[in-house]
Amino acid sequence: MSKIIYTKTDEAPALATLSFLPIVEAFTKTAGVEVETSDISVAARILAEFPEYLTEEQRVPDNLAELGRLTQDPNTNIIKLPNISASVQQLKAAIKELQGKGYAIPDFPDDPQTDEEKELRKRYGKSLGSAVNPVLREGNSDRRAPKAVKNYARKHPHSMGEWKQWSSTHVSHMHGGDFYDGEQSMTLDKARTVRMELLLDDGTKKVLKPKIDLLDKEVIDLMVMSKKALLEFYEREMEDCREAGILFSLHVKATMMKVSHPIVFGHAVRIYYKDAFEKHGELFDELGINVNNGMADLYDKIATLPTSTREEIERDLHACQEHRPRLAMVDSAKGITNFHSPSDVIVDASMPAMIRSGGKMWGADGKMYDCKAVMPESTFARIYQEMINFCKWHGNFDPTTMGTVPNVGLMAQKAEEYGSHDKTFESSDAGIARIVDVETDEVLLEKRVEKGDIWRMCQVKDEPIQDWVKLAVRRARESNTPVIFWLDPYRPHENELIKKVKMYLKDHDTDGLHIEIMSQVRAMRYTLERVARGLDTISATGNILRDYLTDLFPILELGTSAKMLSVVPLMKGGGLFETGAGGSAPKHVEQLTEENHLRWDSLGEFLALNVSLEHLASNDNNAKAQVLADTLDTATEKLLLNDKSPSRKTGELDNRGSHFYLALYWAEELAAQDQDSELKAQFTPLAQKLAENEDAIVKELNDAQGKPVDIKGYYYADEELAKKAMRPSALFNEALASL
Ligand SMILES: NC(=O)C1=CN([C@@H]2O[C@H](COP(=O)(O)OP(=O)(O)OC[C@H]3O[C@@H](n4cnc5c(N)ncnc54)[C@H](OP(=O)(O)O)[C@@H]3O)[C@@H](O)[C@H]2O)C=CC1
Ligand SMILES: O=C(O)CCC(=O)C(=O)O
Ligand SMILES: [Mg+2]
């Protein structure tokens with residue numbers, strides 16, 4: 001029997017699943033496909049970590065570990081929806097909710113002191129930040145907008161803000177002392193076991209990571225971010241921003257760079273509120289305040305103080321703002337600033353949103369202003385400035401004519417920076433940071449660090465690089481589109497990759513293909529020149545640019561990255577089909593609970609299901625699955641053409657309504673095809689039933705909207721209540737059950 005594993009995740013995608021999964025199950029069972037669900041929500045992951053605190057009935061299996069194992073099995077077929085990559089704030093909220101529901105899991109230790117607390121912190125650490133994707137992504141990334149989606153966007157363009165040549169918006173990054181500066185890189189000459197250590201100035205050694213096994217031909221890097229240079233950078237940029245009278249906004253990826261970026265974020269907050277931190281620093285330390293987790297942590301903790309002390313602190317914080325630039329807001333109505341939580345402004349989505357709106361972000365007064373977008377690490381920040389330059393000169397992009405930029409990303413096996421958390425350290429002392437061969441004591445890479453500097457080792461294995469080059473060539477051939485490898489010869493790591501790319505391209509037939517290697521700023525410029533002329537260009541990039549570009553271009557081209565096809569061909573032969581390229585849209589849940597309208601667009605799920613079925617069809621020789629895939633493809637196109645995607649407005653067609661239309665069109669296509677008479681016979685009555693009841697079903701779905709709905713929870717909502725909310729049409733439910 002063929003099997004698809006469909007993940008249950010969090011927030012809007014989890015809600016959408018409750019409505020969509022019954023359709024998937026009903027349709028795919030006709031091809032003998034079993035759909036198994038796997039709960040990898042942050043709540044389920046927490047529960048799986050603490051079985052000894054739970055009763056027998058409360059325990060849940062470690063689904064993520066199981067899925068991780070399955071990525072090595074060539075028969076695996078997983079549809080993966082976006083999940084929460086939790087900040088400390090989110091993790092604590094999830095723990096609190098679970099405790100309130102009778103799960104006696106321990107509190108999150110904010111400031112672990114005892115061994116027991118340190119152990120708990122370590123265990124909770126497994127659910128922090130981007131904890132799911134790196135486990136599942138045992139393959140490289142292939143993300144693109146299918147033709148039908150691109151054509152739809154061309155005919156129904158989303159709104160675009162206007163870029164002015166006089167816009168003051170710009171990107172600021174460090175020009176020295178950051179990870180880019182003085183990076184060191186090497187390709188291993190043989191398999192080695194190394195350790196990471198700090199050689200102190202007095203000659204003693206501090207081993208931070210005793211044993212890392214590296215493979216032959218692996219590329220490793222050593223990078224350092226100077227605390228002193230970072231603080232000076234912030235001070236200078238804040239003053240520059242204040243003088244310019246524009247908004248200050250910090251864009252980081254603290255969820256994926258879960259060790260380094262919270263530190264980078266915390267320094268910005270402390271510099272901004274420098275005077276208040278100098279005055280109240282001791283008290284803040286006593287309270288265990290850690291603004292690496294955002295100002296939310298500070299406000300939570302000072303809430304426990306006597307009113308007069310709290311008010312004094314609030315006054316002092318406020319006084320700091322007087323001589324600092326205005327902050328960009330995440331939610332101006334609620335007074336939530338860019339410094340509230342490092343998970344509120346996530347660079348891959350936040351920068352494109354700003355560029356899409358003509359270089360503007362929200363001010364505290366609910367109006368939009370130009371901004372200084374601060375991204376301390378210069379390594380990749382420069383691509384955004386290049387795009388801003390282009391927009392200022394050429395005006396905003398036109399979604400009706402612009403070309404498309406698919407991406408082939410090097411991602412497998414925790415490639416590059418995104419796999420470096422367990423090898424990232426905030427230096428406790430000054431000394432020499434070194435990567436040393438354990439057997440020979442040979443120093444492979446070394447660099448001077450001062451106390452407070454962040455240093456890390458990144459790695460990328462050779463086999464994923466070979467697979468990445470192969471995938472890029474395949475996509476170039478299949479789509480007859482030029483490929484640009486965004487690699488910078490001046491960056492040591494990328495220079496190592498350039499050598500490998502050149503070598504591995506020789507393994508393939510590249511006759512007639514247009515393949516070039518360009519440094520990232522040139523690659524951006526070249527790609528944009530083509531985009532503006534309506535020409536398509538594949539970007540083949542490392543892991544971080546994969547993440548940035550697969551939100552950036554889709555958000556400009558399609559309005560959201562939810563409409564992307566996102567495939568991870570697993571290196572062992574299985575398939576991981578991600579849905580869209582974006583996140584779990586927390587704002588959408590709010591709208592559902594307040595107004596019973598879910599504006600989540602499941603197009604990503606439709607596209608993923610299509611390729612998942614195709615994969616099954618060829619892997620398992622399942623002809624019916626191929627018919628299901630082909631008809632789903634046509635049904636999805638019809639859904640777009642007939643404009644049956646969810647509306648943002650309550651009372652109009654939402655996520656559930658769009659699922660109904662997908663089921664209707666899919667059933668109609670199956671009834672109309674002549675390849676498989678059994679499927680035709682099975683789906684003809686369903687298609688009739690759905691078509692006859694179209695108005696009544698849509699009415700049932702839309703009438704349910706407009707009032708609050710209580711699903712008793714956010715991270716671990718009551719499944720029955722949520723199901724009921726997401727399947728409000730009795731007519732539709734009965735029709736599906738009759739299949
Ligand atoms: N693959 C994964 O698992 C990923 C997970 N994440 C996680 O998701 C959470 C939220 O991340 P955030 O950066 O805010 O990004 P999101 O992509 O969730 O949200 C940004 C905005 O994009 C729009 N959007 C996204 N998906 C859809 C969709 N399917 N239908 C309609 N609109 C959509 C919404 O805009 P509007 O408000 O205009 O409707 C939304 O507010 C975080 O916990 C993050 O770590 C993030 C990226 C990938
Ligand atoms: O894993 C995450 O936290 C985010 C993943 C992401 O943004 C991406 O893959 O594009
Ligand atoms: Mg992303």
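Basis for what follows: all heavy atoms, side chains included, without hydrogens, waters or symmetry-related copies. Ligands are counted one by one from 1 in listed order, and the atoms in each one are counted from 1 as well. For the single chain, residues carry numbers from 1 onward in sequence order.
Side-chain N or O atoms of Asn543 include one that pairs as donor or acceptor with a backbone N or O of Ala415 at under 3.5 Å.
Taking the charged nitrogens against the carboxylate oxygens, Arg137 and Glu578 do have a contact shorter than 4.0 Å, which makes a salt bridge.
For a distance threshold of 2.8 Å, the protein N, O or S atoms nearer than that to the Mg ion (ligand 3), listed by chain and number, are Asp348 OD2, Asp547 OD1.
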Residues His261, Phe265; criterion ring-ring contact (aromatic ring centres under 6.0 Å, His included); working and verdict: CA-CA 6 Å; His261 279 193; Phe265 181 94; 10.0 Å; no
What does the N/O contact table under 3.5 Å look like for ligand 2?
residue: ligand 2; atom: 1 (O); partner: Ser130; partner atom: OG; Å: 2.6
residue: ligand 2; atom: 1 (O); partner: Asn133; partner atom: ND2; Å: 2.7
residue: ligand 2; atom: 3 (O); partner: Ser85; partner atom: OG; Å: 2.5
residue: ligand 2; atom: 7 (O); partner: Lys253; partner atom: NZ; Å: 2.8
residue: ligand 2; atom: 7 (O); partner: Asp348; partner atom: OD2; Å: 2.9
residue: ligand 2; atom: 7 (O); partner: Asp547; partner atom: OD1; Å: 3.0
residue: ligand 2; atom: 9 (O); partner: Arg137; partner atom: NH1; Å: 3.0
residue: ligand 2; atom: 9 (O); partner: Arg137; partner atom: NH2; Å: 2.8
residue: ligand 2; atom: 9 (O); partner: Arg143; partner atom: NH2; Å: 3.1
residue: ligand 2; atom: 9 (O); partner: Arg546; partner atom: NH1; Å: 3.0
residue: ligand 2; atom: 10 (O); partner: Arg143; partner atom: NH1; Å: 3.0
residue: ligand 2; atom: 10 (O); partner: Asp547; partner atom: OD1; Å: 2.8

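A donor atom on one side chain and an acceptor atom on the other are found under 3.5 Å apart for Asp467 and Asn140. For the 3.5 Å distance criterion, the side chains of Thr541 and Asn407 qualify, holding a donor opposite an acceptor. Counted by atom type alone, Trp600 and Glu605 present one or more donor-acceptor pairs between their side chains at under 3.5 Å. There is no side-chain donor-acceptor pair under 3.5 Å between Thr650 and Gln705. In summary, the side chains of Lys80 and Asn133 do present a donor paired with an acceptor at a separation below 3.5 Å, with no hydrogens or angles considered.
By the 30° and 60° cut-offs, the orientation of the rings of Tyr124 relative to Phe108 is tilted. In this pair, Phe248 and Phe339 present their aromatic rings perpendicular. The plane angle is above 60°, beyond the 30 to 60° band. In this pair, Tyr665 and Tyr661 present their aromatic rings tilted. The plane angle is within the 30 to 60° band.
Checked against Ser343 for a side-chain contact (heavy atoms from CB on, under 4.5 Å), the options Lys253, Gln89, Gln90 give a single hit: Gln90.
Taking a heavy-atom cut-off of under 4.0 Å, ligand 1 is surrounded by Lys80, Pro82, Asn83, Ile84, Ser85, Asn133, Thr255, Ile346, Ala349, Thr560, Ala562, Gly582, Gly583, Ser584, Ala585, Pro586, Lys587, His588, Arg599, Trp600, Asp601, Arg648.
Here Tyr714 pairs with nothing under the ring pair (Phe, Tyr, Trp, His ring centres under 6.0 Å) rule; sequence neighbours left out.
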